[in-house]
Structure formats: structure tokens, C-alpha cells
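Each chain gets a letter, A, B and so on, in the order its sequence line appears, and its residues count up from 1.
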There are 2 protein chains.
Amino acid sequence: MEVAKKTRAPLTRERVLRAAVDLADERGIDALTMRALGQELGVEAMSLYNHVKNKADILNGIVDAVCGEIVAAVDEVDPPEEPAGWKPVLRTRILTAREVLLRHRWAPALLESLADIPPSLIAYYDGQIGLMREGGFSLDLAHHALHALGSRGLGFTQELFVQEDSEVDPTVMAMMLQQMAGRYPHMADMMKIVAHDPESTLGGCDDQFEFEFGLDVILDGLDRLREANWQLPAHS
Amino acid sequence: MEVAKKTRAPLTRERVLRAAVDLADERGIDALTMRALGQELGVEAMSLYNHVKNKADILNGIVDAVCGEIVAAVDEVDPPEEPAGWKPVLRTRILTAREVLLRHRWAPALLESLADIPPSLIAYYDGQIGLMREGGFSLDLAHHALHALGSRGLGFTQELFVQEDSEVDPTVMAMMLQQMAGRYPHMADMMKIVAHDPESTLGGCDDQFEFEFGLDVILDGLDRLREANWQLPAHS
DNA sequence: ACCTGAACACCGTTCAAGT
DNA sequence: ACCTGAACACCGTTCAAGT
């Protein structure tokens, strides 16, 4: 009767990474320290080094895990039934990737900080390129398209205008706007619009709407270049 | 003869921030520690707290300084002579901002990590909005345009495909491509193109070209929406 | 008012020692 | 083979003490 043995599953690289993802999801990437992770697994921090090279290895590992999640989710998206279907399908794939990333808010920034692209993403981009090729893109145009999409092609954009969850007193807010209107009239106008738009939750923008808007601007633009048989402009 | 007094300029917040920018430029943002910064200024780390609240204050300060540099550089760009000039002028302003950021490689990532947009950028965005408004954009469309441009509107995109300065043996490279071609044929094709393109330095992409390509896709797309009198689609 | 040295609470990581 | 405890070199920051 070896009951005691079963109380704790054996530590593996797999289990360490899974715990790391959970910890980052729940308490933020800054809370992911070797000591905290060890505690989560009922073990001293130093034991982790038996299953993982170092902290950088963990960070690479959890990003790769999320990318694997993306690839799996995107694989479920139905392929286009005709060549012209590349656009809606690509759009859906990107929005699917976005859903995964919204479950792991720490992932985008970490992904950008990595030296190399996670190997699991090769499958993702191979699919994107394939869609465009079958839709009539030259290899060249498909290449530039990937760059033009940038991180949007993976489902995220780092928002520069952060949601100030403005607990600001409305009268104080009005005064600030008044003052700003002198020097920065256009900015003041825009802030008024944003705050008053019934569509957006008061005091912020609808991230999902803005993401899709920008995505469509790019996809439509690429479609037009494909239609016009875009080629590298002659260089001097 | 107070010679000794002049050997060291008095420490000020201004001087601390300037030294911090220089240190980050020269040795990277990770090398910017309180102790290293103190040493650079010939002072103990703890003295810095007399002129600066804490490290977060320094990070906010140096990002704000860079943004101020952007605003100053962009102010030199000539305004359009006719409403239709909004596009080339906006384009030039963005590429000007990009030049500043290329001198401070650490700035984009830090900017994205900040809670709030630096106050010095209000002037920048006020100018961008003004250009679009005079060019015929509705306030609404100008707002979505800012989101669609995202960080590109400030002159940068976090590149996901990092320049592997591939010191890879060509024959090894050929083998890798061969192996990849089986599972990921489109990706393999693209890597061949990129490596062989005479325009790009071998083994990488031309970041500046890709930036301008993506920027033009977006600007052209926005122009078309303006022309078509884009309006918010009716919602259910 | 400004600067200093010692100290504290945290990191990631190494290493010799245990089982 | 796996885990542990003590230790090391680094952080940012506090605080009492100096001038």
C-alpha cells in the first residue's frame, strides 16, 4: 500500500511549465519567481533546476506553451472553400489566436522580449503564408504582408493609450478638458468623443473593435495590392 | 578661487535623467541600475533619491525625455500646403519619430510597459489628429485611425521575427531548410526568398523597408475610408 | 539641504551535502 | 537521480548618521 507515494506527482519539466503558466495567469508575470514557483509545487526553489535549465528557460517554455495553444486552436478553423476565401479565414485565424492571448495577458510582452520566435509558431506562420499563396499572393507580397501585420497577425497590439479606469471626478475631468482645449484642441475633442461614445465603456475604448478595425484596414489593403499584382518598386 | 566647487556640477533631476538616458543608450536598459547610475555621476546610489522619487520615476522620466525629443523633431516638419497633403506630411512625421527612437533602442519596449502615456506625447497626437481633421477625417475616423496605426504611428513596431545574425554554416542552413520543407513548405520557401533577396542584408529583412511598406498600406487604407465617408456600422 | 554607510528584503544561481 | 540548506552576488530601498 504505497499511498504516500501517490500524494505528490513526480516533478517534470512539463509540470513545472504548467505551474508557471498558471502562476503567471493568476498573479502576473512579476509574481513568477523561482521561489514562488517552487512553493506552488511544494518544493524548494533549487529543485526546479533539476528539470529546467534556468529562469530564461522557463520563460521561453511558457511562451512556447501558449504558442502551442494558439496553433492548436487555429487548426480547428475551417480552411477556405475557394481561393478568395483567404481573407475571412485569415481573419478568423487571427481572431482565434487573439482569444488565446487574452487568456494569458502576460504573453505578448514576453513574446516580444524573446530573442527568437518560438518554434511552435513556425506551423502558425506556415499556415498564414499558405492561405495567402493559395489566395493569389506572390511569395514576396506574402512576406511583406507578414511584416505589415506584425504582432496583429498573431492577435495582439500593445495599446499605447491605456485604459485609465478613470475614477476621476466628472467635474475635475471637465476642468482638465477645458484646460487642455487651449493648447491641444484636437486632443480635447477626441477625449470628449471617446468618453461620450455609448459604444465604449465610459472612459475607454473598445479594444476588440479597434483591433478588428485596424485588422480590416490592413487585410483590405493587402487584398488590393494582390489584385493589382504588386511588385517591388524598382530601386536606384 | 573656488576651483574645487566647479569640478562637479550640482546634481539635479535633469542631470540624473540625462545620465540615465546616456547609460541606457550605451549599455542597454538592463545596465541602468541605481548603483551604476550613481557611479556614472560620481555619487552613491542612495544620493539619487534626493532628486528622484524612485526607479520607476527614473524610467518614466527617461521615456518622457525621449518623447520630448520626438515632439521637438516632428515640430520641424513643414505643415501641408493643401488639405490633401495630410498623408505625406503624416508619413514624414512618423518616420521622423522613428529616427529618434532608433537612437534609443530601449525606448519602445519601455514605453509599452508604462502605465500611462507620457504627457509630452499629447502634443504629438494632437498634431496627428489635427492633420487628419484638416485632411477631411471625421473625429471618429481619426480616432480609429490612431488605434489602427498603433505603435506604428509613433515610429516603431516590435519585430517578431528577429534578425538572427545567422553565422550559420551555409551547408547546415541548406539541410535545415530541406528538413523544414517537408512539414512547412511555405515557410521554407519564404526563408529561401528572404535569404536570397539582394536587397536585404543576407539572413535578414530590411526593417526600414518593411516599416514603410506597412505604414503605406495603412495610410492608403485610411485615405480610402475617408474618401468613402466611413461611418460606424450600425450595431444590433 | 545633500550625501553616506550599513542594513533589509528580495532576486537568480552555485555548490556541497544529504537521501 | 532528485532534493535541500547555506551561501553568494546582485537588486531597490530605508534609515540613522554625518556634513
Side-chain angles (χ1 to χ4, degrees), chain A residues 2-65 106 109-110 113-115, chain B residues 2-65 106 109-110 113-115:
Chain A
E2 318 188 37
V3 179
K5 269 192 179 172
K6 291 212 164 183
T7 46
R8 196 158 89 196
L11 222 47
T12 64
R13 175 182 170 87
E14 194 73 9
R15 232 162 72 76
V16 169
L17 291 181
R18 195 152 34 226
V21 169
D22 290 346
L23 206 166
D25 285 346
E26 286 162 24
R27 302 180 10 217
I29 194 70
D30 285 339
L32 175 57
T33 69
M34 299 301 279
R35 286 168 172 87
L37 183 55
Q39 193 168 7
E40 209 71 23
L41 289 160
V43 99
E44 297 300 312
M46 304 75 198
S47 303
L48 301 174
Y49 288 86
N50 286 311
H51 307 95
V52 128
K53 231 181 83 195
N54 49 32
K55 182 156 188 192
D57 187 28
I58 293 182
L59 295 180
N60 276 285
I62 61 179
V63 168
D64 196 51
W106 45 270
L110 195 52
S113 76
L114 288 187
Chain B
E2 317 188 37
V3 179
K5 269 191 177 172
K6 291 212 164 181
T7 47
R8 197 159 89 197
L11 222 48
T12 65
R13 175 184 170 86
E14 194 73 11
R15 232 162 71 76
V16 169
L17 292 182
R18 195 154 33 226
V21 169
D22 290 345
L23 207 166
D25 284 347
E26 286 161 25
R27 302 184 6 220
I29 194 71
D30 286 339
L32 176 56
T33 69
M34 300 301 279
R35 285 168 173 86
L37 184 55
Q39 194 169 5
E40 208 71 24
L41 290 161
V43 100
E44 296 300 311
M46 304 73 200
S47 303
L48 301 174
Y49 287 85
N50 285 311
H51 308 93
V52 126
K53 231 181 82 196
N54 50 29
K55 179 153 189 195
D57 187 27
I58 293 182
L59 294 180
N60 276 287
I62 60 178
V63 168
D64 196 51
W106 46 268
L110 194 54
S113 77
L114 289 186

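- Counting to the nearest Å, the P atom of C:dC8 and the CE atom of B:M46 are 14 Å from each other.
- Look at A:H51 and you won't find any side-chain N or O under 4.0 angstrom from OP1 or OP2 of D:dA1.
- Using a 4.5 Å cut-off on side-chain heavy atoms (C-beta onward), A:W106 and A:L32 make no contact.
- The interatomic distance linking B:N50 (CG) with D:dA16 (P) rounds to 16 Å, in whole Å.
- In this structure, A:A45 and A:M34 approach most closely via the heavy-atom pair CB-O, 3.6 Å.
- Between the P atom of D:dT13 and the CG atom of B:D57 lies a distance of 10 Å, rounded to the nearest Å.
- Proximity of B:Y49 to the phosphate of D:dT13: a side-chain N or O atom is located under 4.0 Å from OP1 or OP2.
- Projected onto DNA chain D by closest heavy-atom contact, A:R35 and A:L48 fall at different nucleotides, the more 5' of which corresponds to A:L48.
- Residue B:S47 places none of its side-chain N or O atoms closer than 4.0 Å to OP1 or OP2 of C:dC2.
- In this structure, A:N54 atom CG and C:dG12 atom P are separated by 11 Å, rounded to whole Å.
- Summarising the geometry, the separation between CD on B:E44 and C1' on D:dG18 is reported as 14 Å, rounded to the nearest angstrom.
- In this structure, the separation between CZ on A:R18 and CZ on A:R13 is 12.5 Å, given to the nearest 0.5 Å.
- At whole-Å resolution of the value, CD1 in B:I58 and C1' in D:dC11 are 14 Å apart.
- For the pair A:H51 (side chain) and A:V16 (backbone), a donor-acceptor distance under 3.5 Å is absent.
- Among the heavy atoms of the strands lying under 4.0 Å from B:T33 are primed sugar atoms or P, OP1, OP2 only; no base atom is included.
- Between the NZ atom of A:K55 and the P atom of C:dC10 there is a distance of 15 Å, rounded to whole Å.
- Rounding to the nearest 0.5 Å places CZ of B:R27 at 8.0 Å from OG1 of B:T33.
- Straight-line distance from the CG atom of B:L32 to the P atom of D:dC11: 11 Å, rounded to whole Å.
- Across all strands shown, the partner of D:dT14 is C:dA6, judged by Watson-Crick or G-U wobble contacts whose two distances both fall under 3.5 Å.
- Between A:K53 and A:D30, the residue anchored closer to the 5' end of DNA chain C is A:D30, taking for each the nucleotide with the nearest heavy atom.
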